[in-house]
Amino acid sequence: MELDELQRRALRIHDLYDELNLRERGRVWTREEFMLGFVGDVGDLAKLVMAEEGAREVPGGGRAALEHELADRLWSVLILAHRYDVDLDAAFLRTMDELDRSISGRRVGGRPGSHQPGSDEPVSDQPVCAPGTRDDGPV
């Protein structure tokens, strides 16, 4: 399934939730409320990952629960991108290109503190950061 198909399907479910919330609560979730729900759900995902690694017990956990939470978090990211008018396809490709250049440059640059080829900037001795983090901590 392509990203645009995933986005269309995610928006359909989002619209159904909005209809349900309007009927049951008289309003839909704001972008902030949606984000707060996402953060809580990431905590649920973390517990399932810990269970998968044998670090904790999660009642009702298991592989199916992990797959469900991962898919649900993908849904949330797709909806957040839509609600903030982010072209996720372009943003993802741009971010991966930036990470590729950064990591490749560090690998070519040699040991920490050495100079980057073709650059006057020294290569940082800080560890390479995963997507969603910065040298000074999580985004």
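The shown structure was predicted, so the numbers you read here are calculated from the model rather than taken from an experiment. Values below: all heavy atoms of this structure, side chains included; hydrogens, waters and symmetry mates excluded.
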Practice prompt. Considering non-hydrogen atoms only, spot the tightest contact between Leu74 and Leu6 and give its length.
Written response: CD2-CD1, 4.5 Å
Item to complete: Can you see which heavy atom on Gly61 is nearest to which on Leu48, and at what distance?
Response: CA-CD2, 3.7 Å
Worksheet item: For the atom pair NE2 (His82) and CG (Leu80), what is the distance rounded to the nearest 0.5 Å?
Response: 11.0 Å
Fill in: For the student: nearest non-hydrogen atoms of Ala51 and Val58, plus distance
CB-CG2, 3.6 Å
Worksheet item: To the nearest 0.5 Å, how far apart are CG in Asp44 and NE2 in His68?
Response: 9.5 Å
Worksheet entry | Minimum heavy-atom distance between Gly60 and Ala65, given as atom pair plus value | O-CB, 3.6 Å
Worksheet item: Got a salt bridge between Arg63 and Glu67, using NZ or NE/NH1/NH2 to carboxylate O under 4.0 Å?
Response: yes
Fill in: Same apolar cluster (I L V M F W Y, side chains within < 4.5 Å links), Ile79/Leu3
yes
Fill in: Spacing of CG belonging to Asp4 relative to CG belonging to Leu78, to within rounding of 0.5 Å
11.0 Å
Worksheet, complete the sentence: Here the gap from Met35 atom CE to Tyr84 atom OH, rounded to the nearest 0.5 Å, amounts to 8.0 Å
Item to complete: Taking the side chain as every heavy atom from C-beta outward, state whether Leu45 and Asp72 have any pair of such atoms under 4.5 Å apart.
Response: no
Fill in: Atom pair OG (Ser102) and CG (Asp97), whose distance is rounded to the nearest 0.5 Å
12.5 Å
Discussion item. Looking at every non-hydrogen atom in both residues, tell me the closest pair between Phe38 and Ser76 and how far apart they are.
Written reply: CD1-CB, 3.2 Å
Item to complete: Answer yes or no: does atom CD of Glu24 have more than 12 heavy-atom neighbours from other residues, nucleotides or ligands under 6.0 Å?
Response: yes
Discussion item. Tell me if the CD atom of Glu2 is crowded by more than 12 foreign heavy atoms within 6.0 Å.
Written reply: no
Discussion item. Salt bridge or not between Arg73 and Glu69? Use side-chain N to carboxylate O under 4.0 Å.
Written reply: yes
Item to complete: To the nearest 0.5 Å, tell me how far Met50 CE sits from Glu52 CD.
Response: 13.0 Å
Item to complete: Consider only side-chain heavy atoms of I, L, V, M, F, W and Y, link residues closer than 4.5 Å, and tell whether Trp29 and Val86 are in one cluster.
Response: yes
Fill in: Transitive ILVMFWY side-chain link Val42 to Phe34, under 4.5 Å
yes
Item to complete: Would you please test Ile13 and Leu16 for side-chain contact (heavy atoms from CB on, under 4.5 Å) and show each step?
Response: CA-CA 5 Å; Ile13 299 303; Leu16 290 172; 4.1 Å; yes
Worksheet entry | Under 3.5 Å donor-acceptor, Asn21 side chain and Tyr17 backbone | yes
Worksheet item: Does a side-chain heavy-atom distance below 4.5 Å link Trp75 with Arg9?
Response: no
